[in-house]
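Since the structure comes first, as structure tokens, the remarks are kept for the end.
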Amino acid sequence: MKSSVVGHRGAMLHALGDPDVVGIENSYQYFADGLLVIEDGLIKDLGDAASLLSKYPDLEVVIHKNKLITPGFIDTHIHYPQTAVIASYGEQLLDWLENYTFPAEAQFADTQHCRKTADFFVNELLKNGTTTALVFGTVHKESVSAFFDVADQSNLRMIAGKVMMDRNAPSNLTDTAQSSYDDSKELIERYHQKNRLSYAVTPRFAPTSSAQQLELAGKLLHEYPDLYLHTHLSENKKEIDWVSQLFPERTDYLDVYDHYNLVTDKSVFAHGIHLCDRECERLSQADAAIAFCPTSNTFLGSGLFDLSKMAQKNVQVALGTDIGGGTSFSMLQTMQEAYKVCQLKNVQISPFKAFYLATLAGAQALKLEDKIGSLAPGSEADFVVLDLAATPLINLRMENVKSIEEQLFVLMILGDDRAVDSTYSFGQCVYSKNGSTTSE
Ligand code: GUN
Ligand code: FE
């Protein structure tokens, strides 16, 4: 009979903490020849292959040569219905929403379209080594059930929610305060904490929700344990002006969400580019997180995220692709863009910091660091096998790297989906570049 304990042998790297807090040397663990032991979907052991193998004499071992094994990437802000909106030319946020995004989202009234896009989207995540994502659906509840059904088939750890939007949007894309509450509740009953799925209450952003809808969102958020709150915050200057006109009685943008009890330790706010000191302090106090979405911020001309200010104010930050405002599903490419955005702010983030942001920080933002984001024993075995010779150029450049730090930097600057050899979820291979998976 096949043993339920399996080993994976190869170079291994995982983050242990934020390099800016614990120092670079304490922020990661690296094994040049490591062994990851997995039992029933969980990581049972991790260490140097030479010493650990003697503890498991009959272990079935998969060998990964010239590869780097890391935790699966965590994308803390992405819109699955915007998969086909990616690379839409020329606009900034509000016009981009009206001209490209809303028409694309209207197509999700068709359940077949939901299912087809969800299949494509989940495949794209796995192909890029992303094992957990915090996902926007559309206003249609069927968009979210289609996504959850596809994610559940591969036993993925995913979080999603139905958009709540009852004003300032086309009539075929609006719900009402009451219907958004009822539909969200129905989805929560059906999917929240089913296998590895969780639900996020998802008002699109303050301008497209009435006070009554935000009030019901806040009520719903506190009716079930461990629900997330997922929305947008302070992305674009015109958006911020609009929010202050719509909610003149509130101190600032975050205060709108706060007023309706939407700022909790399981709240993830996408962007947060133009936050004032008070907003940062409040986010820190609530232990809420910001999803830094660098490819979207440059593509939509939204602005340069201030990572140093967030560190100074002790705000939890993780990374998001923000597809389709973002331009790549690849968290490696997202790490690259984060590096470039910080360069323009005259801050050089280390490859270990970028790697932390794409893995453990995502888990911390989602309050899931006991389950995902690292290779620590006890964690769920969600990991990615990166190919150190994925392209001729990467191969050439890798010939003269001198450290794991440099190797990681080359991967994040030159790597994309081609650098993902295979992706594992709960110990099962769910994507392989050569086409075979063990989950079939
Ligand atoms: N703000 C409100 N909706 C959206 C969206 O779909 N994408 C982005 N990037 N920002 C938003
Ligand atoms: Fe977004």
Side-chain angles (χ1 to χ4, degrees), residues 75-88 90-108 117 121 133-140 143-144 147 159-170 173-175 180 200-209 213-214 217 228-243 246-247 253-254 256-257 262 267-275 289-305 318-329 334 337 341 365:
D75 185 339
T76 58
H77 179 66
I78 186 164
H79 301 251
Y80 106 79
Q82 293 176 18
T83 302
V85 173
I86 193 166
S88 293
E91 310 284 9
Q92 297 213 349
L93 179 65
L94 300 177
D95 297 312
W96 173 86
L97 281 174
E98 199 172 310
N99 296 332
Y100 299 118
T101 308
F102 289 156
E105 292 194 5
Q107 292 181 272
F108 286 74
T117 309
F121 173 83
L134 177 56
V135 180
F136 257 69
T138 61
V139 74
H140 316 91
S143 72
V144 176
F147 170 73
I159 308 165
K162 183 203 102 75
V163 164
M164 304 172 83
M165 175 157 75
D166 68 348
R167 65 168 172 170
N168 294 321
L173 272 183
T174 47
D175 49 19
S180 71
V201 175
T202 309
R204 176 170 218 115
F205 65 157
T208 48
S209 284
Q213 183 167 61
L214 292 174
Y228 293 91
L229 184 283
H230 186 197
T231 191
H232 296 91
L233 172 69
S234 197
E235 173 179 8
N236 169 289
K237 291 268 173 67
K238 283 190 188 159
E239 168 210 15
I240 297 166
D241 289 346
W242 195 19
V243 171
L246 290 169
F247 298 92
Y253 197 159
L254 184 68
V256 175
Y257 295 132
L262 296 170
S267 299
V268 177
F269 298 100
H271 308 298
I273 301 171
H274 310 285
L275 297 171
I290 294 288
F292 170 25
C293 305
T295 74
S296 169
N297 298 165
T298 52
F299 182 73
L300 292 177
S302 303
L304 300 175
F305 185 71
L319 278 186
T321 59
D322 193 28
I323 294 296
T327 54
S328 173
F329 275 85
T334 307
E337 197 80 349
V341 165

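In this text the structure is predicted, and so the values were computed from the model without any measurement. Note that these values count all heavy atoms, side chains included, but never hydrogens, waters or copies made by symmetry. Just follow the structure's listing: the first ligand is 1, and inside any ligand the first atom is 1. The residues of the chain are indexed from 1 along the displayed sequence.
Looking from atom 9 (N) of ligand 1 to the surrounding protein, the closest heavy atom is D322 OD2, 2.7 Å.
In the model, N297 has no side-chain atom that pairs as donor or acceptor with a side-chain atom of E337 under 3.5 Å.
With a heavy-atom cut-off of 4.0 Å, W96 touches ligand 1 through its side chain alone. Neither the backbone nor the side chain of E239 has a heavy atom within less than 4.0 Å of ligand 1.
The Fe ion (ligand 2) has no N, O or S atom of H271 under 2.8 Å away, backbone or side chain. The Fe ion (ligand 2) does not have C293 among its coordinating residues (no N/O/S atom, backbone or side chain, under 2.8 Å). The Fe ion (ligand 2) has an N, O or S atom of D322 under 2.8 Å away, backbone or side chain.
Note on H79: its N/O/S atom closest to the Fe ion (ligand 2) is NE2. As for H232, its N/O/S atom nearest the Fe ion (ligand 2) is the one called NE2.
In this pair, H77 and F136 present their aromatic rings perpendicular. The plane angle is above 60°, beyond the 30 to 60° band.
Scanning both residues, S180 and D175, for their nearest heavy atoms gives CB-OD2, 3.1 Å.
For atom 10 (N) of ligand 1, the nearest non-hydrogen atom from the set H271, H79, E235 belongs to E235.
When only interatomic distances are considered, the shortest N/O to N/O separation between R204 and ligand 1 falls below 3.5 Å.
For the side chain to side chain contact (heavy atoms under 4.5 Å, CB included) test with H271, the passing option among D322, L93, I290 is D322; the others fail.
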